[in-house]
Novice: 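I have a structure I would like to understand better, so I am pasting it below and will then ask my questions one at a time.
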Protein chains: 2
Amino acid sequence: MQGRSKEQPHRPRRQRGGVRLADVAAAAQVSAPLASRVLNADPNVRATPETKARVLEAAEQLGYVPNIAAKTLRQQRTGLLGLVVHNLSSPIYLDLLQGARTEAAANNYFLVLGDVDELLTDDEAYRIFINGKRVDGLIVQGGHGEFDQRIAEIARALPTVIVNAPPKSTDTVAPLVAPDEVAATRMLTEHLLALGHARIGLISGPHDSPTNLLREQGVRDALAEAGHTLRDEDTAHLTWSAEAGRAGLRTLAGRWENTRDRPTALIGGNSLIGIGMLRAAAELDIAVPGDLSIAAVHDTWISEHLVPSLTTVSLPLREMGETAVRLLLTDTPRTQRTIISDPPPRLHARASTAIAREH
Amino acid sequence: MQGRSKEQPHRPRRQRGGVRLADVAAAAQVSAPLASRVLNADPNVRATPETKARVLEAAEQLGYVPNIAAKTLRQQRTGLLGLVVHNLSSPIYLDLLQGARTEAAANNYFLVLGDVDELLTDDEAYRIFINGKRVDGLIVQGGHGEFDQRIAEIARALPTVIVNAPPKSTDTVAPLVAPDEVAATRMLTEHLLALGHARIGLISGPHDSPTNLLREQGVRDALAEAGHTLRDEDTAHLTWSAEAGRAGLRTLAGRWENTRDRPTALIGGNSLIGIGMLRAAAELDIAVPGDLSIAAVHDTWISEHLVPSLTTVSLPLREMGETAVRLLLTDTPRTQRTIISDPPPRLHARASTAIAREH
DNA sequence: CTGAAAGCGCTTACAG
DNA sequence: CTGAAAGCGCTTACAG
């Protein structure tokens, strides 16, 4: 939020002379309170059907729309929910945003966008957004170890739902909506095992990141059940980016020179990593899936358009967005619980994985 | 917006007992109006520095944050701008959103997200969003021929900026912020010409779509200057999707069987089309760039990670978002003009284009 | 320049 | 059940 000028720029003016409730009431020859009650479908209203019709018709006729600011001021409710995400340019979280937006709209709520880094580091942005009563509730993308303190503070000030963060054993400060990470990589691994792969590697995000821990767990679990293990030399842990996926595969491939002692399949910790892995394979002349099967977590729009198309497992991001909004709109007490979102992860088998070839 | 229930769900309640201006004024032993003026840095205030300091300190001490709803009601200003986009899941427009969000934040404005289709087809969404005085202004993504009527209606009700639509010869209903489409494809074409390509084809969106017309124009212009032309048999016009790019190249390639009479380079009307073209080439065993150079409009995050990495031309989407917001916040009269956004398109030469090979 | 008063438009205790 | 009155919290003509 650098460069914010303290002086206020010119602001667009609202055109005056909108139709007010009082105008509707006058036109319908009833009092304003009664008009309000009729328009809000108050069940206690005993006015005759004719009267009600008169009110509704007057509102329609005049094009009446309640002034939100007045309503908000009176009801202490904004009709807005904040969605504070980390990296808007990642294709991964767009589905979450879409789900949240749709569910909000279905309840006559709108979404206001915030940026995690901005909100957690910029005090002014924080004050305006959080304390300024801009929103009735907040959906914040978790997984920021360093900022847990700040999120706790936010949750105390405002109904908050954390989304897409790994469940913590530590005290939860707000409800959490998360996908079943372990099941996702387990599914991917079982898919590869079923294709005859016995030695399967993993290129993922930071080794100690909670998300990686869960995803790695899924791989280990599935391998263990099949009597295999995840070998250290078959893993690389860098960041969650395509660049890291590329570097990771290059590192592993460096260990494979002049030897057939190597994995026949590799799992990417997320779709960006998977994309980078495909690229590295092409650069290194490793045939996919001929020499190496590749699969990754997250099914984004690009997966099926890559060459080869990428086998993935999809997480219910859209549903998580919906659930987060629903939680905010219906969960009276700030229940502190973790919701592992439905539906479970789903496998999308594509061209990047195939039956293991004898080496 | 299907499935919206008319009954209102439970709404999160705002915690009571916030600090009001009156509290600050009392603590600082001044009147509420004076406190308001000091806090808003009214230059006409002549209070002693001590008094001002007392007010500011009291506000700080009490953690005072003005109630936005009250401010809005009084000032007829929401501090919100609507951003109504067409397809949030397209990677192309995220930059525009980012630019708009950042510029808005820099002016203490926030962005409320809307969906074009929803707003243009759902009357209730329209009423609440547009007439409900939810936002001070609107940025709406254009290029929807069918909905021009509705957008004109919106522009009459609310300061509006249309973004990323092709300039129309017809009456403009609101300021338009657009990229230099013609320059973009011209640049791409000149890049290919410089590589020695003489016969260059185009796979693009609907033939009569205004955006396509401009992009096609750029290709034609550059070819004409070099003494070449765009041949009908070297073009395909479907939709703006990856699937269309794939189908387009398949169609063209069908014409190339058993002949060397074919283009050596192809331009994709947008990056999705380019991605589909790369895929089709791989499926058809057309070497890129060996047999065919491919380049496309829009530089998205994925471009450099494709195999081969895709030559593109970037449009100033981020800047367009910024400009649109700035226009809304500073342009007092609703000037009706078209702004071709700076900076001009920029070429990103990558592995998918190379020197033309003799056929 | 500053303060008392009004008012933005709505909803809801409260009294009838 | 309905209406008159109050009040949400702020800013700004207006009077002094």
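Computed over heavy atoms, backbone and side chain alike; hydrogens, waters and symmetry mates excluded. Source: prediction; values computed, not measured. In what follows, chains carry the letters A, B, and so on, assigned in the order in which the sequence lines appear, proteins first and then strands, with residues in each chain numbered from 1.
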Novice: Whole angstroms only, please: what is the NZ-P distance between Lys71(A) and dC8(C)?
Specialist: 19 Å
Novice: What is the distance from atom CD1 of Ile151(A) to atom OG1 of Thr160(A), rounded to the nearest 0.5 Å?
Specialist: 9.0 Å
Novice: Using Watson-Crick and G-U wobble pairs with both distances under 3.5 Å, what is the 5'-to-3' dot-bracket string of DNA chain C, with [ ] for crossing pairs and | for pairs outside the strand?
Specialist: |||.||||||||.|||
Novice: I'd like to know if the side chain of Asp136(A) and the backbone of Leu81(A) have a donor-acceptor N/O pair within less than 3.5 Å.
Specialist: no
Novice: Send over the distance from Leu73(B) CG to dA6(C) C1', rounded to a whole Å.
Specialist: 13 Å
Novice: Out of Pro66(A), Ser36(A), Pro33(A), which residue meets the side chain to side chain contact (heavy atoms under 4.5 Å, CB included) rule with Leu21(A)?
Specialist: Ser36(A)
Novice: Does Ile139(A) form a side chain to side chain contact (heavy atoms under 4.5 Å, CB included) with Val177(A)? I'd like the steps, not just the answer.
Specialist: CA-CA 10 Å; Ile139(A) 301 172; Val177(A) 180; over 6 Å; no
Novice: On DNA chain C, nearest-nucleotide positions of Val65(A) versus Leu34(B): which is more 5'?
Specialist: Leu34(B)
Novice: CG of Leu327(B) to CD1 of Ile162(B): how many Å apart, nearest 0.5 Å?
Specialist: 11.5 Å
Novice: Mind calculating the distance between CG (Asn44(B)) and P (dG3(C)) to the nearest angstrom?
Specialist: 14 Å
Novice: Considering heavy-atom distances to DNA chain D, does Pro33(B) or Ala70(B) have its closest nucleotide positioned more toward the 5' end?
Specialist: Ala70(B)
Novice: Any chance you could lay out the side chain to side chain contact (heavy atoms under 4.5 Å, CB included) test for Leu113(B) and Leu97(A), step after step, and finish with the verdict?
Specialist: CA-CA 10 Å; Leu113(B) 275 187; Leu97(A) 190 159; 3.6 Å; yes
Novice: Expressed in whole Å, how much space separates the C1' atoms belonging to dG16(C) and dT12(C)?
Specialist: 16 Å
Novice: If I take atom OG1 from residue Thr323(B) and atom CE from residue Met320(B), how far apart are they, to the nearest 0.5 angstrom?
Specialist: 8.5 Å
Novice: Report the distance from atom CD of Gln29(B) to atom C1' of dT2(C), rounded to the nearest whole Å.
Specialist: 16 Å
Novice: Check the phosphate of dT11(D) against Ser36(B), side-chain N and O only, distance under 4.0 Å to OP1 or OP2. Yes or no?
Specialist: yes
Novice: Within this structure, what is the CG-CD distance for the pair Asp115(A) and Gln98(B), rounded to the nearest 0.5 Å?
Specialist: 7.0 Å
Novice: When you measure from the side-chain N and O atoms of Gln76(B) to the phosphate of dT11(D), is any distance below 4.0 Å, counting only OP1 and OP2?
Specialist: no
Novice: Donor-acceptor pair, Arg54(A) side chain versus Ala28(A) backbone, under 3.5 Å?
Specialist: yes
Novice: What is the nucleic acid contact for Val45(A), judged by heavy atoms within less than 4.0 Å: base, sugar-phosphate only, or nothing?
Specialist: sugar-phosphate
Novice: Tell me: CD1 of Ile68(A) to P of dC10(C), nearest whole Å?
Specialist: 10 Å
Novice: Closest approach to the side chain of Pro66(A), judged atom by atom: which nucleotide of dG3(D), dC10(D), dC10(C) is it?
Specialist: dC10(C)
Novice: When you measure from the side chain of Asp42(A) to the backbone N and O of Asn44(A), does any donor-acceptor pair fall under 3.5 Å?
Specialist: yes
Novice: Please round to the nearest 0.5 Å and tell me the distance separating atom CG of Leu39(B) and atom CG of Leu34(B).
Specialist: 9.0 Å
Novice: Counting only heavy atoms and a strict 4.0 angstrom limit, can you tell me which residues of residues 46-53 of chain A come near DNA chain C?
Specialist: none
Novice: Asp136(B) has an atom CG; how far is it from atom C1' of dC8(C), in whole Å?
Specialist: 15 Å
Novice: Among dT11(D), dT2(C), dG3(C), which nucleotide sits nearest the side chain of Ser31(B)?
Specialist: dG3(C)
Novice: What integer distance in Å separates Leu21(B):CG from dA5(C):C1'?
Specialist: 15 Å
Novice: Report all interatomic pairs (protein N or O, nucleotide N or O of nucleotides 14-16 of chain C) with separations under 3.5 Å.
Specialist:
none

Novice: Taking OP1 and OP2 of dT11(D), is either one under 4.0 Å from a side-chain nitrogen or oxygen of Asn40(B)?
Specialist: yes
Novice: To the nearest angstrom, how far is Leu39(B) atom CG from dT2(C) atom P?
Specialist: 14 Å
Novice: Does Ser341(A) reach the main-chain N or O of Ala178(A) with its side chain, forming a donor-acceptor pair under 3.5 Å?
Specialist: no
